**Student:** 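Here it is: the structure, laid out below.
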Amino acid sequence: MNTLTDAWSWLTDADHWSGADGIWHRLTEHLLLTVICLAVSCLIALPVALVLGHLGKGGALAVNISNVGRAVPTFAVLVLLLLTPLGRYGEGPTVVALVLFAVPPLLTNAYVGMRGVDRSIVQAARGMGMTGRQMLWRVEAPLALPMIVNGVRIAAVQLVATATIAALAGGGGLGRIITAGFNLASTPQVVAGAVLVAVFALLVEACFEVGERLAPGLARRKAAAT
Amino acid sequence: MTAPPDDCLARNEWICGDYLSTRRHILADAVLQHLELTALSVAIALLLAVPLALLARRFHTAAGPVLALTTVLYTIPSLAMFSLLLPLYGLSASLVVAGLVLYSLTLLVRNILAGLRAVPEETRQAAKGMGYGPVRLLLTVELPLALPAAMAGLRIATVSAVSLVTIGAIVGHGGLGNLIYTGMNTYFKAQVLTASVLCVVIAVAADLLLLGAQRLLTPWQRS
């Protein structure tokens, strides 16, 4: 219990919140890395998954890429990238590794969602004379949306975790508080950093949970208003 | 003073045969540690997951909290998980095992529960009609039928565990992760690449091994 009170006093010390190594700075870094990389990964993965899902091609690739992503250790990829010439560009290895690990869940979930759309609905849309593009945007993508959002959620959680591990390979973010704590052999700081990371990850998950519950209701109200 | 030898180690190349031959024992030890940590944690998680899944199925009110708790555990990033366990276990291998057990537990409980719930009610009724007691029903009918789903969870848990062991390097018990960590600090390219490749090889081998075991255990699924 002593460690917990020490960790609490570490967290409530105002000195630890300000400055370049402070919690606010690390938190901003972590948030920025996560948001930017999530946007980049979505831009890369979603168009590919939507088109592949619409055409019904490349399924084996889209599904298996997730399994491959799981087998490759994040830490190993981070260190390998750090040792390549890319390592000279500050957060370069971190960004590349984050995107690499966020793409597989996005790709797999969006693809499975697109293929999971009831075939009779797609055929009805075709029978109504919809073009391929119209079918993709007005029928398949909206129906696949829950799975697509699920993929984004998994990717976001994965990004938060990877950004934490990036601290082991010299990257920024909240993980730095933990690694600095290990280097200082300060268990209170390690625990305080871990609590911050855990709370951050749970908040991201909670945001998606709330969003997924509220979104259908909001969309329905908007549709009713117009 | 003699000139340094001009081999691939001195040139710090990514792929280096000399590294493999001179550091054979270090690599073998690291692989062994990696396998021990993975096997131990997945085995413990499996022992805990089966009763938890049965409990969650038996008492419907328990299912929600059990699943919610395992989701929360899975959301916590690995580095934070190991760090949170630090006051309990100190810098030890038990810390890494405990962290990995918590992650594997999530995947296993969910999949075993899904497998048990997917057992058709008619099958259960038929077994009861044949005079099967609850224990015999569970062991000879329900668990075998839940096996494919459970094995899918076990495979994902094992592959994830192999990759997560590397994070254990932060407390000095990371199997191949230790080699990656020291290789990073000394810019030793051959060491980092060799250890990373070995990690992936272990993960793929473990996955194939479990797939083979599943085929042997569920002969009725082969067509």
Side-chain angles (χ1 to χ4, degrees), chain A residues 1-4 6-7 66-80 82-84 87 153 157-170 174-175 177-179 181-183 185 187-206 209, chain B residues 12 14 34 71-88 90-91 155-160 162-172 174-177 179-181 183-185 187-193 195-207:
Chain A
M1 279 299 120
N2 215 357
T3 326
L4 285 184
D6 285 350
S66 261
N67 298 334
V68 175
R70 204 176 287 120
V72 179
T74 325
F75 179 46
V77 172
L78 275 161
V79 175
L80 284 172
L82 188 72
L83 297 187
T84 61
R153 176 184 181 159
V157 171
Q158 170 82 49
L159 280 170
V160 173
T162 315
T164 314
I165 295 169
L168 271 181
L174 285 171
I177 298 171
I178 299 177
T179 49
F182 271 108
N183 290 337
T187 308
Q189 183 176 342
V190 170
V191 174
V195 169
L196 284 170
V197 171
V199 168
F200 186 80
L202 289 173
L203 276 180
V204 170
E205 176 95 11
E209 180 74 38
Chain B
N12 196 14
W14 283 106
H34 209 106
T71 309
V72 166
L73 286 176
Y74 202 67
T75 309
I76 297 173
S78 47
L79 189 64
M81 180 76 93
F82 289 151
S83 308
L84 283 173
L85 295 169
L86 184 67
L88 289 175
L91 298 170
R155 282 171 63 197
I156 298 176
T158 309
V159 171
S160 308
V162 170
S163 121
L164 282 174
V165 166
T166 55
I167 309 297
I170 185 94
V171 291
L176 290 160
L179 295 182
I180 299 176
Y181 198 56
M184 176 185 79
N185 290 331
Y187 277 84
F188 195 166
K189 290 179 179 173
Q191 176 158 314
V192 173
L193 186 65
S196 308
V197 169
L198 281 173
C199 270
V200 178
V201 169
I202 292 177
V204 173
D207 196 37

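Quick caveat, the model's predicted, so the values are computed rather than measured. A, B, ... follow the sequence lines: proteins, then strands. Residue 1 opens every chain.
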**Student:** Measuring only between side-chain heavy atoms, which start at C-beta, is B:His34 closer than 4.5 Å to B:Cys199?
**Tutor:**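 In contact.
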**Student:** Can you check whether A:Gln158 reaches A:Thr162 side chain to side chain, under 4.5 Å on heavy atoms?
**Tutor:**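 Counting from C-beta outward, A:Gln158 and A:Thr162 do come under 4.5 Å.
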**Student:** Please determine, among B:Phe188, B:Tyr74, B:Tyr187, the option with the most heavy-atom pairs under 4.5 Å with chain A.
**Tutor:**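 Heavy-atom pair counts peak at B:Tyr187.
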**Student:** Heavy-atom distance under 4.5 Å to chain B: side chain of A:Val191, backbone, both or neither?
**Tutor:**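 Contact with chain B: backbone and side chain both.
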**Student:** Whether the side chain of A:Thr164 engages the backbone of A:Val160 through a donor-acceptor N/O pair (distance < 3.5 Å, no angle test) should be reported.
**Tutor:**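 Pair found, side chain donor or acceptor close to backbone of A:Val160.
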**Student:** Find the one option among A:Leu196, A:Ile178, A:Val197, A:Val204 whose heavy-atom pairs under 4.5 Å with chain B are most numerous.
**Tutor:**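 Highest number of pairs under 4.5 Å: A:Ile178.
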**Student:** Name the member of A:Thr187, A:Leu168, A:Val157 that forms the most heavy-atom pairs with chain B at distances under 4.5 Å.
**Tutor:**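 Among A:Thr187, A:Leu168, A:Val157, the one with the most close pairs to chain B is A:Leu168.
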**Student:** Looking at A:Ala161, A:Ala7, A:Pro188, A:Ala167, which has the largest count of heavy-atom pairs under 4.5 Å with chain B?
**Tutor:**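 Highest number of pairs under 4.5 Å: A:Ala161.
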**Student:** Find the one option among B:Thr166, B:Val72, B:Ile170 whose heavy-atom pairs under 4.5 Å with chain A are most numerous.
**Tutor:**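 The candidate making the most pairs under 4.5 Å is B:Ile170.
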**Student:** Which answer fits B:Ala203, side chain, backbone, both or neither, if we ask what part of it has an atom under 4.5 Å from a heavy atom of chain A?
**Tutor:**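 When you check distances to chain A, only side chain atoms of B:Ala203 fall under 4.5 Å.
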**Student:** Within the structure provided, determine whether B:Ile202 and B:Leu176 are in side-chain contact (heavy-atom separation under 4.5 Å).
**Tutor:**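 The answer is yes; the side chains approach within 4.5 Å.
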**Student:** Name the region of A:Ala163, side chain, backbone, both or neither, that has any atom closer than 4.5 Å to a heavy atom of chain B.
**Tutor:**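 For A:Ala163, no heavy atom lies under 4.5 Å from chain B.
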**Student:** Could you check if a side-chain atom of A:Pro73 sits within less than 4.5 angstrom of a side-chain atom of B:Val200, using non-hydrogen atoms only?
**Tutor:**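 Yes, at least one pair of side-chain atoms sits under 4.5 Å.
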**Student:** Non-hydrogen atoms of chain A under 4.5 Å away: do they reach the side chain of B:Thr158, the backbone, both or neither?
**Tutor:**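 For B:Thr158, neither part sits under 4.5 Å from chain A.
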**Student:** Is there a side-chain contact between B:Ser160 and B:Ile156 (heavy atoms, below 4.5 Å)?
**Tutor:**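 Side chain of B:Ser160 against side chain of B:Ile156, heavy atoms only: contact under 4.5 Å found.
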**Student:** Are side-chain heavy atoms of B:Leu91 and A:Phe182 found at a separation under 4.5 Å?
**Tutor:**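 Touching, per the 4.5 Å side-chain cut-off.
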**Student:** Given heavy-atom pairs under 4.5 angstrom as the criterion, report whether the side chain, backbone, both or neither of A:Thr84 touches chain B.
**Tutor:**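 Answer is both: backbone and side chain atoms of A:Thr84 are under 4.5 Å from chain B.
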**Student:** Find out whether B:Trp14 and A:Leu83 are in side-chain contact, i.e. whether some heavy atom of one side chain is under 4.5 Å from a heavy atom of the other.
**Tutor:**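 SC-SC contact between B:Trp14 and A:Leu83 confirmed.
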**Student:** Considering only heavy atoms and a distance below 4.5 Å, find which of A:Ile165, A:Thr179, A:Val199 pairs most often with chain B.
**Tutor:**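 Maximum pair count with chain B is reached by A:Ile165.
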**Student:** So for B:Val162, is it side chain, backbone, both, or neither that comes closer than 4.5 Å to the heavy atoms of chain A?
**Tutor:**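 Contact with chain A involves no heavy atom of B:Val162 at all.
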**Student:** Is any side-chain heavy atom of B:Tyr181 closer than 4.5 Å to one of B:Asn185?
**Tutor:**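 Yes. Closest side-chain heavy atoms under 4.5 Å.
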**Student:** Chain A: which of B:Leu86, B:Leu85, B:Ile76 shares the most heavy-atom pairs with it under 4.5 Å?
**Tutor:**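 Option with the greatest count: B:Leu86.
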